[in-house]
Every structure is written in structure tokens, then in C-alpha cells.
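First listed ligand is number 1; within each ligand, the first listed atom is number 1.
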Amino acid sequence: DEPFPGGAVVPPIYQTSLFTFANYAEMAETFAGKRRQPIYSRGDNPTVMEFEARVAALEGAEAARGFSSGMAAISATVLAFVGAGERIVAVRNCYGDAYRLFERLLPRLNIKVDYVDGSDPDAVAAALPGAKLLYLESPTSMMFELQDIAHLTRLAKEQGIVTTIDNSWATPVFQKPITHGVDLVLHSASKYLGGHSDTVAGVVAGSAAHIKHINEQTYSYLGGKLSPFEAWLLLRGLRTLPLRLPHHMKSGLTIAERLKAHAAVERVNHPVYSNHPGKATLAGYAGLFSFEVTDEIDIPVFVDSLKYFRIGVS
Ligand SMILES: *Cc1c(COP(=O)(O)O)cnc(C)c1O
């Protein structure tokens with residue numbers, strides 16, 4: 001790696017809206033795309049580019065694009081590949097606001113979304129013909145259902161369908177979807193990538209051609225760009241990602257095991273208890289899971305009695 005300006009060990013925050021050119025020729029060549037140089041921070045910014053390069057490296061992707069939130073990454077990615085009269089196949093129980101994007105905004109653009117049980121390859125195969133995009137999330141939000149990523153991606157590829165996956169839960173430490181054929185990997189960087197509950201951000205990683213397509217179709221015009229300060233916080237978070245995830249795994253499994261052994265717990269939704277083939281692509285387990293209690297448990301009383309947990313999202 002080249003040292004940062006002044007020999008700084010940490011990338012500086014380029015808190016600037018625009019970047020100036022030495023002369024007319026330099027500007028003209030940059031605008032013509034003959035050289036890549038930051039022009040304006042709604043496009044490229046060096047602190048953000050540093051974050052994008054590291055996420056791309058972690059995911060085994062050629063390129064990545066940072067966004068102001070996970071939802072900005074999801075909406076800009078989906079809208080870059082699907083247009084009026086076209087169709088998406090999405091796994092059921094995908095992240096709630098992704099589902100609401102699909103249900104509220106996309107119908108107004110005449111884009112249809114069909115939901116499938118992603119754990120069932122036959123159901124996915126039956127829904128795919130004619131679709132433009134396959135939207136995966138393994139494990140799914142709340143229910144933690146797994147998908148056989150390699151199998152589903154192969155089915156989509158045979159029909160030229162672009163595949164995306166929300167990898168926020170596993171992170172590239174525990175799952176690298178690109179190595180299993182997925183085209184584009186999405187993250188809410190607000191969660192494990194950031195890791196300190198002080199940032200809302202998103203990112204998508206994939207081939208240079210796919211990221212270029214997103215840049216050209218939606219990124220600059222929807223305008224949900226990542227701020228240099230947030231990118232700097234994320235770069236700090238990424239430094240400890242491989243140390244944090246094994247600890248989340250250990251804590252999560254300890255609590256899941258205790259709940260599973262408890263008489264008042266009916267079911268623990270944690271991928272560790274699944275025997276689905278989709279488990280094979282997970283090198284470990286993040287800390288988030290859900291559980292279902294028996295009827296005799298008064299849920300509000302239970303939640304308000306917790307001593308070590310605070311009540312919130314994320
Ligand atoms: C939080 C979350 C998102 C949305 O990300 P934001 O950064 O909140 O916009 C998307 N997918 C998953 C799995 C999430 O947990």
C-alpha cells in the first residue's frame with residue numbers, strides 16, 4: 001500500500017465537496033473518462049474510495065460502491081437492473097424495508113416482485129423464467145432461513161438473470177457469496193461492517209462492469225452517496241471486523257444453546273440448528289438470531305424484565 005499524504009497511517013477524511021484541476025486539459029480528460037480523478041463528492045471521494053476498495057477486497061470483488069444507507073445500496077442496485085414491465089424473484093422474509101420497497105415503490109414503476117421459499121431450489125427454479133433479477137438474503141431476516149447460494153445462482157446464470165444477495169448478517173468474514181457465483185453483494189454497513197452503532201451506511205460489491213452499470217444508471221442521480229466522515233468510521237470498524245465476528249459467534253451460540261434448553265422456548269431460529277445445504281457456505285455464525293416462546297410467556301413482561309439487553313433495532 002502507498003502511504004497516505006504526509007505519511008499518515010490512517011486514511012485522512014477528505015471533507016471536501018469538490019476537487020479542482022491543475023489545468024483545462026486535465027479537466028477535459030477527466031470528464032471524458034480518460035483518467036479517474038475525484039471531481040465532486042456525490043461521485044468519487046478518496047476516503048469513500050478507500051472504504052470501497054477494502055470491502056471489494058474482503059468480498060473478493062473487483063469493485064464496490066458505498067452508499068448513505070443499506071437501503072440506498074439496495075434501491076440503487078435493484079433499480080439499476082430492473083425497469084418497467086420487468087420482474088424480480090425475491091426470497092420471502094427478506095429485510096423488512098427491502099420488502100416495503102418492493103411492495104410500495106416498485107409497483108408504481110410497473111416492476112413486479114414474486115416471493116419464493118429460498119430454501120427450496122425447485123420453487124426458485126419455477127419462478128425464475130422471464131425474471132431480470134434474483135434477490136437473495138441468506139440467512140433471511142427474522143426467520144434465518146438458508147439458501148443454497150451456489151445452486152440458485154447457477155439456475156439464474158443459465159437464464160442470464162442477475163443475482164444479488166444481502167450479506168449483512170454473515171459479513172465477508174463468514175460468507176463470501178461471489179466465490180459461489182453471486183453477481184452483487186449488498187450490505188447494511190450500519191451493522192457488523194461499521195460495528196460501533198454510530199453510522200448508517202451501505203455498500204454493494206461486484207464486478208467492475210456491474211458497479212459501472214450502477215454508477216451510470218442510478219448512483220449519481222438518486223444521490224444516496226456515502227459521506228467521507230462515515231466512510232472514515234467504517235474504515236476504523238473494518239480493522240476489527242475479523243476480531244469481532246468470532247466473539248459475536250461465541251456469545252450468540254452460548255445464548256442460543258441456553259434458550260434451546262429452556263422449557264418456555266418453543267423454537268430457536270439460528271442457522272446452527274439448520275441442516276439445509278445452504279449452511280455449507282457459512283464459515284461461522286454472526287450473533288443475531290430469533291426465538292419463539294410458548295403461550296404461557298407474556299412477551300411484554302418478559303422484554304421489560306431483561307437486565308442485559310436494551311430494547312431497539314439493529
Ligand atoms: C439493517 C438492514 C438493512 C438496511 O440497512 P440500513 O443501513 O438500515 O438502510 C438491510 N438488510 C439487512 C439484513 C439489515 O439488517
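For a threshold of 3.5 Å applied to N or O pairs, the pair formed by Ser188 and ligand 1 contains at least one separation below that value.
Looking only at heavy atoms of the protein, atom 4 (C) of ligand 1 is closest to Tyr95 CE2, 3.3 Å. Of the protein's non-hydrogen atoms, the one nearest atom 6 (P) of ligand 1 is Gly70 N, 3.3 Å.
With respect to the salt-bridge test (charged N to carboxylate O, under 4.0 angstrom), the residues Asp44 and Lys225 do not qualify.
For the residues Thr140, Thr199, Asp166, the heavy atom positioned nearest atom 12 (C) of ligand 1 is part of Asp166.
Under the salt bridge (charged side-chain N to carboxylate O under 4.0 Å, His left out) criterion, Glu230 pairs with no residue, sequence neighbours left out. The side-chain hydrogen bond (donor to acceptor under 3.5 Å, both in side chains) search around Asp114 returns Arg87, Lys112, not counting sequence neighbours.
Each of the atoms 13 (C) of ligand 1 lies under 4.0 Å from some heavy atom of Glu137. When each atom of ligand 1 is checked for a heavy atom of Ala201 under 4.0 Å away, the hits are 7 (O). The contact set between ligand 1 and Ser190, taken as ligand atoms under 4.0 Å from a residue heavy atom, comprises 6 (P), 7 (O). The Lys191 neighbourhood of ligand 1 comprises atoms 1 (C), 2 (C), 3 (C), 14 (C), 15 (O), with distances under 4.0 Å to a heavy atom of that residue. For ligand 1, the atoms lying closer than 4.0 Å to a non-hydrogen atom of Met71 are 5 (O), 6 (P), 9 (O).
Residues Cys94 and Phe102 have side chains in contact (heavy-atom distance under 4.5 Å, counting atoms from C-beta outward).
Other residues, nucleotides and ligands contribute at most 12 non-hydrogen atoms within 6.0 Å of the CZ atom of Arg258. A 6.0 Å sphere centred on NE2 of His196 holds more than 12 heavy atoms belonging to other residues, nucleotides or ligands. Enclosure of atom CG in Asp304 by more than 12 non-hydrogen atoms of other residues, nucleotides or ligands within 6.0 angstrom is indicated.
Residue Ala189 does not touch ligand 1, judged by heavy-atom distances below 4.0 Å.
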